[in-house]
Amino acid sequence: MDVLAKKSPALLLGNQAITRGALEAGIDVVTTYPGTPASEIADSFSAVAKYLKSQKKDPGFYFQYSVNEKVAVEFAAAASICGLRSLTCMKHVGLNVASDAFLTYMYVGCKAGHIIVTADDPSCHSSQNEQDNRIYSKLAHAPMFEPSDPQEAKDMALEGFTLSEKLKIPLLLRTTTRVSHVRGPVTLNPLKKKKTTKGIFRKNPLLVTVPAVARQLHSVLLEKMDEAAAISEKIPFNYIINHGGTKGIITSGPSYGYVRDVINELHLECKILKLGMTHPLPKKLCKDFLKSCDEVIIVEELEPFIEEQIRAIAYDEDVKIYGKGAGHFSRLYEYTPDIVAHSISEIFHLKHKTSSDSPKVKLPARPPVLCPGCPHRATYYAVKQVVPKDTIFPTDIGCYTLGNAPPLKIADYLLCMGSNVGTACGFSYATEQKVVSFMGDSTFFHSSLPGIVNAVHHNNDCVITVLDNRTTAMTGHQPHPGTSKSGMGENIRMLKIEDVAKGLGIQHIEVVNPTNIEETKKAFIRSLRYKGPSVVVSRAPCILLIVSNKRKHGKNIIPYTINQHKCTQCKICINKFGCPAFFLEGNQVKIDKTLCTSCGVCQQICPSNAIEKEGNHE
Amino acid sequence: MNKTSIVFAGVGGQGILTAANILGKAALEANKKALIAEVHGMAQRGGAVECIINIGDVYSALICNDSADVLVSLEPVEALRQLSKIKKDRLVITDINPVIPPSVSLGIDTYPDLEDVFKEIQEKCRLIKIDALGLAIQSGARIAKNMVLLGALADTGLLPFLPQLLLKTIQKNLPSRYMAISEKAFDSGRVFLKNNNYVE
């Protein structure tokens, strides 16, 4: 297992490096809710725990997939105050969910070190927005590290616990996709060998944030941040690389790597101020750097977080500053070496030319799609057969969001995790249209329960669909409260979605297997007739789990094929069902044997019975 | 600067990450630095995927256009999609078997004529076309296409380590139940390259 490697350096993903750093620090408690690009941090802890347990060894830490990010932070905050080193990891929007706990947690503080990892996603590779969570560090008064590569990710995770313990507040470790999902060499320290231990809770009135206490704690927090600012001046993560000259570049995160490669390529003589601890900024270090330069470029992705502070620091300095404020860099999307090279060469009048991205031949778009054999497609197909034409489909965060693509086009409104139900209630009030909302099984538990209570309490007429594929699929198949295994591989109590819905007061509940199209259609017809909120649990395992299970047991996946004598080229399989395994060769409909997962649902939708299981397989 | 950049392209699910990981581990075995930009999450669900493997003196995992030394693609159109990344006159190795995107089946997009795709690649680079799917099927599994292409890449002389090290890394890191297939597929890629008298 890469994370437990003994031979140094090891090739680790940025996320695995964070796990490694925490293991070297002797982590006690890890909590998370999975989300790209953060997932592999927690998944690595889960894999380590399961592996060590299978070797009859004590993993030395407790790990859980929590129901959502807020609960994950709360759980770990309690562990930390009892003296257990904790780490909580999430994607950037997860910190929005946890923010209510997080902001006041900064007042209360921690005892054992607690690192909260936020993995941001500039360019929205797998996200609904590209918010810059560094701003949370200012809002909450949290000290923050920003690694540039896997090595730094590990070093900062290791060092973060010490700093958090020194300041007695949690530390924000902020990565982006291009740190979390970059694999690189990481120099290892020995793993801290320890047993799973319990802490002790000592009562203290300052842990109860009634207004009088909160007022006191706010000023304590500001004092802690003064201490953090002094540390930031000295910490080795903030440093200057001096190649001479009077030109300077200030940078952080993955932009640092682009800057290094680009100045090599441009043969540019300059100094670099590399910032690894970006909140609080080392003001004196920054000021001294500014004094030594005539011109300074600030290279950071997304918001001008460093730039605005540098401009304030440089107020009475005679130095020209270039960045987003001067219009040379964008606040949008992740940077690339080309973007950085282009702007630096423009500012310093150097030459940089590369060919354009787009070839002359027009290429077909290839966005991500629902997998061949995905049970969500079967549910969506059945729903579209039975709903009135102007039905509104509020959707949610997960694989099923991909139902927005043609031909299904079954996603009309999306904000965030759990928003399907709240918005369904709103649409049912605001219009005379039918409303059928969709969410996944993990999303149901994460943040949809209050929405359902609201729907029941106010009797909003909507069909609430839970696409239960028995896993948190999009982020890499993590368990959730509707499944029966913990992140440490233990058997734990499974909550049945239909029981929870009933407990919340839903009176019309259907449970159906979507791979049976006719039964699924009937279930939705009944639910649409019901006046008031109804829940349909559409339950069939993720096809990727089925396929990998078959492969594991050496079973062949026998693809389906089209009997060309029977096929009438009606193309329902392509134009209505839209499984990506179907394609046209001339006028003939065919099935791509590599893509077909042998789910067989297409057999039910073909009016000519032209789809058959292949006789002679590989 | 001593640096080799390899771009691996294809469609999510074709085993690009596995191939990239093998290259990175082999580089470390050869005492070289490696930085790999990977794609995880939503983009893996059947979308266009590219993975950049940088070996040598590098600080960033992403690269400028016109700076990769070799482009390997598991799908012909995806090779052309990444062509801007590679230096002029360098090598492109691609499988010849199209994976038709749903947008094409639906008539929203068209899949270009492969002759046009290959022609445009050849205007910038040298091109090796390989029936990797066919060789993978002969080796025992369609999914072993990535190993066929790794085999072909191994013998180009473009990698800063020997083919034998790559094979050893495969043997050390891939599941044993597929090892016979993986080895066969890797070897078939190497043989293909030799039979086509390709010398860098």
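A note on names: the letters A, B, ... follow the listed sequences, proteins ahead of strands, and every chain is numbered from 1.
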Visitor: Go through the atoms of A:A10 and report whether side chain, backbone, both or neither lie under 4.5 Å from a heavy atom of chain B.
Guide: backbone

Visitor: Kindly say whether A:K360 contributes a backbone atom to a donor-acceptor pair with the side chain of B:E120 at under 3.5 angstrom?
Guide: yes

Visitor: Parallel, tilted or perpendicular: which one describes the rings of B:H40 and A:H181, with boundaries at 30° and 60°?
Guide: tilted

Visitor: Hey, is A:D2 close enough to B:K25 for a salt bridge, meaning N to O under 4.0 Å?
Guide: yes

Visitor: Go through the atoms of A:L370 and report whether side chain, backbone, both or neither lie under 4.5 Å from a heavy atom of chain B.
Guide: neither

Visitor: Checking the side chain of A:R366 only, and the main-chain atoms of B:V77 only, is there a donor and an acceptor separated by less than 3.5 Å?
Guide: no

Visitor: At a heavy-atom separation under 4.5 Å, does A:L595 approach chain B through its side chain, its backbone, both, or neither?
Guide: side chain

Visitor: Which bit of B:P102 comes within less than 4.5 Å of chain A, counting heavy atoms only: side chain, backbone, both or neither?
Guide: side chain

Visitor: Checking heavy atoms, do the side chain of B:K88, its backbone, both or neither come under 4.5 Å from chain A?
Guide: neither

Visitor: Looking at side-chain heavy atoms only, is the closest gap between B:I100 and A:L584 below 4.5 Å?
Guide: no

Visitor: So which residue, B:N173, B:I143, B:N54, B:V99, ends up with the most heavy-atom pairs under 4.5 Å with chain A?
Guide: B:V99

Visitor: Is chain A contacted by the side chain of B:D109, its backbone, both, or neither, given a heavy-atom distance below 4.5 Å?
Guide: side chain

Visitor: Looking at B:V11, B:L80, B:D116, which one has more heavy-atom pairs under 4.5 Å with chain A than the rest?
Guide: B:L80

Visitor: Among the options B:T110, B:N97, B:D113, pick out the one with the most heavy-atom pairs lying under 4.5 Å from chain A.
Guide: B:T110

Visitor: With no hydrogens and no angle check, is any side-chain donor or acceptor of B:S103 less than 3.5 Å from a backbone partner on A:P364?
Guide: no

Visitor: Against chain B, label A:K552 side chain, backbone, both or neither, depending on which of its atoms sit under 4.5 Å from a heavy atom there.
Guide: both

Visitor: For B:R81, is it the side chain, the backbone, both or neither that has a heavy atom under 4.5 Å from a heavy atom of chain A?
Guide: both

Visitor: Please classify the contact between A:P37 and chain B as side chain, backbone, both or neither, with a heavy-atom cut-off of under 4.5 Å.
Guide: neither

Visitor: Quick check on A:P367 against chain B: is it the side chain, the backbone, both or neither that has a heavy atom closer than 4.5 Å?
Guide: backbone

Visitor: Name the region of B:E123, side chain, backbone, both or neither, that has any atom closer than 4.5 Å to a heavy atom of chain A.
Guide: side chain

Visitor: Please name the pair of heavy atoms, one in B:Y59 and one in A:N264, separated by the smallest distance, quoted to 0.1 Å.
Guide: CE1-ND2, 4.3 Å

Visitor: Under 4.5 Å heavy-atom distance to chain A, tell me which part of B:Q138 shows up: side chain, backbone, both or neither.
Guide: neither

Visitor: With side chain to side chain contact (heavy atoms under 4.5 Å, CB included) as the test, pick out the partner of A:V182 among B:I36, B:I52, B:L35.
Guide: B:L35

Visitor: Is it the side chain or the backbone of A:C374 that comes within 4.5 Å of chain B heavy atoms, both, or neither?
Guide: neither

Visitor: Once you round to the nearest 0.5 Å, how far does CG of A:D261 lie from CG of B:L62?
Guide: 10.0 Å

Visitor: When A:T594 is tested against each of B:K145, B:Q14, B:R142 for side-chain hydrogen bond (donor to acceptor under 3.5 Å, both in side chains), which residue passes?
Guide: B:R142

Visitor: Checking A:F582 against chain B: side chain, backbone, both or neither under 4.5 Å from a heavy atom?
Guide: backbone

Visitor: Between B:I121 and chain A, which part of the residue has a heavy atom less than 4.5 Å away: side chain, backbone, both or neither?
Guide: neither

